[in-house]
Amino acid sequence: MTLKTWRMLRNELSLLLEAFYPKPEASSLSRNAIEEIVCKRGIDFLKLLDDAPNNRQLEKLNIIRSELLNKKPLQYITGWANFYDLRLKVTNDVLIPRQETEELVRIVLDVIRNRTKLQIADIGTGSGAIIISIAVNSIAGNHTFLATDISEKALEVAANNADKYKQCICLFQHDLLSDIKFPFKQKVDILISNPPYVLQSEKSSMLPNVLDYEPELALFVPDCEPLIYYKQLAKHACYLLNDEGIVFVEINERFGEEVKAVFEGMGFQASIRKDVNNKDRFVIAKKA
Ligand code: GLN
């Protein structure tokens with residue numbers, strides 16, 4: 001039997017994955033799967049494409065392949081997701097952090113660049129991706145970081161990730177929809193959130209890797225109440241924010257004007273920002 005090289009194995013896996021992922025995604029998934037197994041990325045990965053795996057690596061590949069063919073996201077198989085130069089632990093209690101959300105982090109980091117001692121809060125933190133990447137990338141600012149989530153299990157994941165990056169993030173269990181007040185002792189300067197915003201009716205256009213594995217609680221809103229989280233955020237922001245405070249939220253591309261109007265209705269000056277795909281993706285609201 002001739003040994004197969006990583007290149008052959010990657011092509012085989014990619015073809016199999018094309019049955020349910022678009023070609024570019026199948027190709028990058030198969031690459032990322034092998035990168036995980038060989039613990040090498042970039043040029044180091046390319047250099048070993050003509051090598052053959054050893055038995056232990058082949059065994060790992062077989063396990064990952066069968067899970068990928070069950071449409072399980074690679075990040076839940078390996079337990080790790082890359083986000084803004086961080087490598088974060090993820091379980092299926094938290095969303096896999098998305099590229100759009102990296103843009104949200106960049107927008108916030110730009111705004112706070114020359115400021116110090118801010119109170120920065122992330123509502124619905126999940127894995128902690130937003131608040132930890134902001135903390136790691138604004139070390140000199142001497143800020144205070146707060147984060148909430150409704151899910152205890154998500155908070156455990158966020159705590160693990162904060163420890164991994166040696167960041168002090170005060171985590172609170174809090175239900176944005178039904179808890180009356182936020183558990184923070186002080187007012188905040190920067191409020192960030194990527195709340196659930198996908199409509200139930202949008203499920204039909206989503207891939208099974210998302211629908212079958214990612215937490216519903218973190219993704220969906222009822223069709224009759226698409227703005228429910230933004231309305232709550234705007235209401236709480238009125239008393240939570242300091243005078244110069246700013247809210248940054250990620251949004252469903254279909255509701256830019258509506259989310260903006262929610263914040264304006266509560267007395268904020270709001271604007272919409274687009275993502276790299278030119279879709280309305282963020283609303284920034286300042287106290288007027
Ligand atoms: N952007 C995510 C997705 O499309 C949704 C994130 C969210 O609901 N906040 O799956």
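In this text, all values refer to a predicted model and were calculated from it rather than measured experimentally. Counting starts at 1 for both ligands and their atoms, in listed order. For the single chain, residues carry numbers from 1 onward in sequence order.
Taking the ring pair (Phe, Tyr, Trp, His ring centres under 6.0 Å) definition, one finds that Phe182 meets it with His174, Phe184, His236, sequence neighbours left out.
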Hey, what polar pairs (N/O, under 3.5 Å) does ligand 1 make with protein?
{"from": "ligand 1", "atom 1": "1 (N)", "to": "Tyr197", "atom 2": "OH", "distance (Å)": "3.0"}
{"from": "ligand 1", "atom 1": "8 (O)", "to": "Tyr197", "atom 2": "N", "distance (Å)": "3.1"}
{"from": "ligand 1", "atom 1": "8 (O)", "to": "Leu219", "atom 2": "O", "distance (Å)": "3.3"}
{"from": "ligand 1", "atom 1": "9 (N)", "to": "Asn194", "atom 2": "OD1", "distance (Å)": "2.7"}
{"from": "ligand 1", "atom 1": "9 (N)", "to": "Pro195", "atom 2": "O", "distance (Å)": "2.6"}
{"from": "ligand 1", "atom 1": "10 (O)", "to": "Arg98", "atom 2": "NH2", "distance (Å)": "2.7"}

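More than 12 heavy atoms of other residues, nucleotides or ligands lie within 6.0 Å of CD in Glu258, so this atom counts as buried by the packing criterion.
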Next on the checklist: Under the criterion side-chain hydrogen bond (donor to acceptor under 3.5 Å, both in side chains), I'd like the reasoning laid out for Ser138 against Arg115: C-alpha separation, chi angles, the key distance, then a yes or no.
Outcome noted: CA-CA 9 Å; Ser138 64; Arg115 301 181 60 186; over 6 Å; no

Taking only distance into account, with no hydrogens and no angle test, what donor-acceptor pairs under 3.5 Å do side-chain atoms of residues 49-57 form with protein atoms, sequence neighbours excluded?
{"from": "Asp50", "atom 1": "OD1", "to": "Arg7", "atom 2": "NE", "distance (Å)": "3.1"}
{"from": "Asp50", "atom 1": "OD1", "to": "Arg7", "atom 2": "NH2", "distance (Å)": "3.2"}
{"from": "Asp50", "atom 1": "OD2", "to": "Arg7", "atom 2": "NH2", "distance (Å)": "3.0"}
{"from": "Asn54", "atom 1": "OD1", "to": "Arg56", "atom 2": "N", "distance (Å)": "3.2"}
{"from": "Asn54", "atom 1": "OD1", "to": "Gln57", "atom 2": "N", "distance (Å)": "2.8"}
{"from": "Gln57", "atom 1": "OE1", "to": "Asn54", "atom 2": "N", "distance (Å)": "3.0"}

Distance-only check: which donor-acceptor pairs under 3.5 Å involve side-chain atoms of residues 211-221, not counting sequence neighbours?
{"from": "Tyr213", "atom 1": "OH", "to": "Asn70", "atom 2": "O", "distance (Å)": "2.9"}
{"from": "Glu214", "atom 1": "OE1", "to": "Tyr76", "atom 2": "OH", "distance (Å)": "3.3"}
{"from": "Glu214", "atom 1": "OE1", "to": "Ile96", "atom 2": "N", "distance (Å)": "2.9"}
{"from": "Glu214", "atom 1": "OE1", "to": "Arg98", "atom 2": "NH1", "distance (Å)": "3.3"}
{"from": "Glu214", "atom 1": "OE2", "to": "Arg98", "atom 2": "NH1", "distance (Å)": "3.2"}
{"from": "Glu214", "atom 1": "OE2", "to": "Arg98", "atom 2": "NH2", "distance (Å)": "2.9"}
{"from": "Glu216", "atom 1": "OE2", "to": "Lys203", "atom 2": "NZ", "distance (Å)": "3.3"}

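Between the side chains of Glu250 and Ser193, no donor N or O sits under 3.5 Å from an acceptor N or O.
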